[in-house]
K.L.:
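After the structure tokens below, expect a handful of questions from me.
These numbers come from the heavy atoms of this one structure, side chains and all, not from hydrogens, waters or symmetry mates.
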Amino acid sequence: MSANPLPADQQFFADLLSGLVLNPQRLGRVWFADAAPGGNVPEWPQLEIVLRGEYGALSEGEMRFIPARAAISPPGEKPAMVLSLLFAPAWLGLTFHDSRGRQPLRNLKLPHPQRGEGEAMLMALTHLARTPQDQAIIQPLVFSLLHLCRKVVNSLPGHTVPRADFLYQSLCNWIEDHYASPLTRESVAALFNITPNHLSRLFSQQGTMSFVDYVRRVRMAKARMMLQKYHLPISEVAGRCGFRDSDYFCRVFRRQFGLTPGEYRTRFQ
């Protein structure tokens with residue numbers, strides 16, 4: 001028996017998330033909430049996972065990402081067991097419920113600031129809601145988000161954040177704020193007074209992607225937002241996202257999203 005067991009509700013969700021993370025073949029397509037008159041409007045992003053039965057138009061194993069302030073329609077009357085994850089700015093909410101019942105069967109809130117890696121993934125999924133057919137990009141993002149949630153739920157209440165976790169989150173936060181600057185493993189490591197190899201270990205052990213992949217994901221999320229909202233030249237978007245070579249920026253963008261920046265922008269005009 002563990003010397004420091006988790007509280008009962010927390011252990012329940014820890015086991016539930018472990019079952020999903022360790023058996024990804026049980027999970028199917030990721031859908032996105034459509035605006036629906038008269039539906040609920042959540043203040044923060046949510047992820048719903050159908051564990052059993054049918055939940056509205058979703059079948060068992062399928063998921064639905066609900067961006068913040070996106071209207072959602074009622075789920076219907078068919079029986080279903082659903083896990084809902086709510087990503088508030090300072091906490092993670094977990095709910096296990098029967099779609100027919102008004103009250104959740106299990107409910108839990110855990111302190112967890114949505115910064116760094118988690119914030120980047122939520123931002124990317126919010127942008128991808130406009131292109132839901134990009135499942136090759138969307139599904140790995142959602143799996144990474146589930147890994148992060150599992151890590152949060154497996155933390156003991158009141159547990160002091162280990163130095164490695166604190167340093168990793170500090171690195172992620174700094175990259176979020178300085179993504180437009182030239183960022184290399186060596187330069188960032190020097191700023192935090194650690195070695196480049198130590199920095200790489202932090203990302204491989206504390207996160208779900210490498211330092212280079214994390215920087216690229218943050219920059220690509222920012223680029224998508226700029227292309228959707230502003231009519232800036234591609235070269236300026238590249239520069240504002242930390243790319244000094246606009247041709248290289250276009251190649252990276254197309255490799256990740258299957259479209260050139262210009263083609264992507266055209267979709268939203």
K.L.:
Please report the closest heavy-atom contact between Q135 and P132, naming both atoms and the distance.
P.N.:
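Smallest heavy-atom distance, with atoms named: NE2-O, 2.9 Å.
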K.L.:
List the steps and the verdict of side chain to side chain contact (heavy atoms under 4.5 Å, CB included) for R64 and Y55.
P.N.:
CA-CA 10 Å; R64 177 169 65 169; Y55 186 61; 3.9 Å; yes
K.L.:
How close do S235 and S246 get, counting heavy atoms only, and between which atoms?
P.N.:
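Shortest heavy-atom separation between S235 and S246 comes out as CA-CB, 3.9 Å.
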K.L.:
Regarding R224 and the six-membered ring of F257, is the cationic atom NZ or CZ under 6.0 Å from the ring centre and inside 45° of its axis?
P.N.:
yes
K.L.:
Please report the interatomic distance SG(C250) to CG(D245), rounded to the nearest 0.5 Å.
P.N.:
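So the SG of C250 and the CG of D245 are separated by 9.0 Å.
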K.L.:
Under 30°, 30 to 60°, or over 60°: which ring-plane class applies to F203 and Y214, parallel, tilted or perpendicular?
P.N.:
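Taking Y214 first and then F203, their aromatic rings sit tilted (interplane angle of 30° to 60°).
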K.L.:
Specify the closest pair of heavy atoms between G262 and I234, including all atoms of both residues, with the distance to one decimal.
P.N.:
N-CD1, 4.1 Å
K.L.:
Does the side chain to side chain contact (heavy atoms under 4.5 Å, CB included) test come out yes or no for R267 and R130, once each step is laid out?
P.N.:
CA-CA 9 Å; R267 287 194 175 191; R130 295 174 179 254; over 6 Å; no
K.L.:
Do L145 and L122 have side chains that get closer than 4.5 Å, going by heavy atoms?
P.N.:
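A side-chain contact under 4.5 Å exists here.
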K.L.:
So do I49 and L146 actually touch side chain to side chain, heavy atoms under 4.5 Å?
P.N.:
yes
K.L.:
Indicate the ring-plane relationship of H178 and W174, choosing parallel, tilted or perpendicular according to the 30° and 60° boundaries.
P.N.:
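Taking W174 first and then H178, their aromatic rings lie parallel (interplane angle under 30°).
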K.L.:
Kindly compute the distance separating NZ (K109) from CG (L92), expressed to the nearest 0.5 Å.
P.N.:
11.0 Å
K.L.:
Between R240 and L232, is any pair of side-chain heavy atoms under 4.5 Å apart?
P.N.:
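Of all side-chain heavy-atom pairs linking L232 with R240, at least one is under 4.5 Å.
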K.L.:
With the side chain counted from C-beta on, respond yes when L110 and F13 share a heavy-atom pair under 4.5 Å apart, and no when they do not.
P.N.:
no
K.L.:
Compare every heavy atom of S155 with every heavy atom of L6, then report the nearest pair and how far apart it is.
P.N.:
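For L6 and S155, the tightest heavy-atom pair comes out as CD2-O, 3.8 Å.
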K.L.:
Going by distance alone, is a donor N or O of one side chain under 3.5 Å from an acceptor N or O of the other, for N173 and Q169?
P.N.:
no
K.L.:
Verify, without hydrogens or angle tests, whether E263 (side chain) and T260 (backbone) share a donor-acceptor contact under 3.5 angstrom.
P.N.:
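Confirmed, E263 side chain pairs with T260 backbone.
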K.L.:
Is it the case that over 12 heavy atoms from other parts of the model lie below 6.0 angstrom from the CG atom of N23?
P.N.:
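Yes, because the 6.0 Å sphere around CG of N23 holds more than 12 heavy atoms from other groups.
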K.L.:
How about CZ on F192, more than 12 heavy atoms from neighbouring residues, nucleotides or ligands closer than 6.0 Å, or not?
P.N.:
yes
K.L.:
Taking the side chain as C-beta and beyond, is there a heavy-atom pair between F96 and L51 under 4.5 Å?
P.N.:
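Of all side-chain heavy-atom pairs linking L51 with F96, at least one is under 4.5 Å.
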K.L.:
Could you tell me the separation between the CZ atom of F12 and the CG atom of L17, rounded to the nearest 0.5 Å?
P.N.:
10.0 Å
K.L.:
Which atom names give the shortest non-hydrogen contact between A189 and L199, and what distance separates them?
P.N.:
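Answer, listing the atom of A189 first, then L199: N-CD1, 3.7 Å.
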K.L.:
CE of M63 to CG of L47: how many Å apart, nearest 0.5 Å?
P.N.:
7.0 Å
K.L.:
Examine V142 and M123 and state if one hydrophobic cluster contains both, with Ile, Leu, Val, Met, Phe, Trp and Tyr joined whenever side-chain heavy atoms are less than 4.5 Å apart.
P.N.:
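Each belongs to a different hydrophobic cluster.
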K.L.:
Report the residues that fulfil salt bridge (Lys or Arg N to Asp or Glu O under 4.0 Å) with R185, sequence neighbours left out, ordered by chain and then residue number.
P.N.:
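Counting only residues at least two positions away or on another chain, R185 forms no salt bridge (Lys or Arg N to Asp or Glu O under 4.0 Å).
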K.L.:
In Å, rounded to the nearest 0.5 Å, how long is the span from CG of L171 to CZ of F211?
P.N.:
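Answer rounded to 0.5 Å: 8.0 Å.
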K.L.:
Of the options L94, L83, V21, which is the one that meets L16 in a side-chain contact (heavy atoms from CB on, under 4.5 Å)?
P.N.:
L83
K.L.:
Under 4.5 Å between any side-chain heavy atoms of F249 and R244, yes or no?
P.N.:
no
K.L.:
Is the side chain of S187 donor-acceptor paired with the backbone N or O of L183 at a distance under 3.5 Å, no angle test?
P.N.:
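Not confirmed, S187 side chain does not pair with L183 backbone.
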K.L.:
Please assess L105 against M81 for the test side chain to side chain contact (heavy atoms under 4.5 Å, CB included), listing each intermediate value before the final yes or no.
P.N.:
CA-CA 10 Å; L105 302 178; M81 292 292 182; 4.2 Å; yes
K.L.:
Apply side chain to side chain contact (heavy atoms under 4.5 Å, CB included) to the pair L128 and F65, showing each step before the final yes or no.
P.N.:
CA-CA 10 Å; L128 285 164; F65 182 77; over 6 Å; no
K.L.:
Would you give the length of the straight line joining atom CD of E60 to atom CD of E54, rounded to the nearest 0.5 angstrom?
P.N.:
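That separation rounds to 9.5 Å.
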K.L.:
For residues W44 and F87, determine if any side-chain heavy atom of one lies less than 4.5 Å from a side-chain heavy atom of the other.
P.N.:
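Of all side-chain heavy-atom pairs linking F87 with W44, none is under 4.5 Å.
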K.L.:
So, the side chain of K151 versus the backbone of Q206: is there a donor-acceptor pair under 3.5 Å, distance only?
P.N.:
yes
K.L.:
So if I apply the side-chain contact (heavy atoms from CB on, under 4.5 Å) rule between L227 and each of T266, V237, L259, which one comes out positive?
P.N.:
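By the side-chain contact (heavy atoms from CB on, under 4.5 Å) criterion, L227 pairs with just one of T266, V237, L259: V237.
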K.L.:
Does R29 pair with E62 as a salt bridge, N-O distance under 4.0 Å?
P.N.:
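Between E62 and R29 there is no salt bridge, as every charged N stays at least 4.0 Å from the carboxylate O atoms.
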K.L.:
Indicate the atoms forming the closest heavy-atom contact of Q139 with G28, along with that distance.
P.N.:
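Taking every non-hydrogen atom into account, NE2-O, 2.9 Å.
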K.L.:
Is the NZ or CZ atom of R219 both under 6.0 Å from the centre of the six-membered ring of F243 and within 45° of that ring's axis?
P.N.:
yes
K.L.:
Would you check if R217 and L141 make a side-chain contact, meaning some heavy-atom pair closer than 4.5 Å?
P.N.:
yes
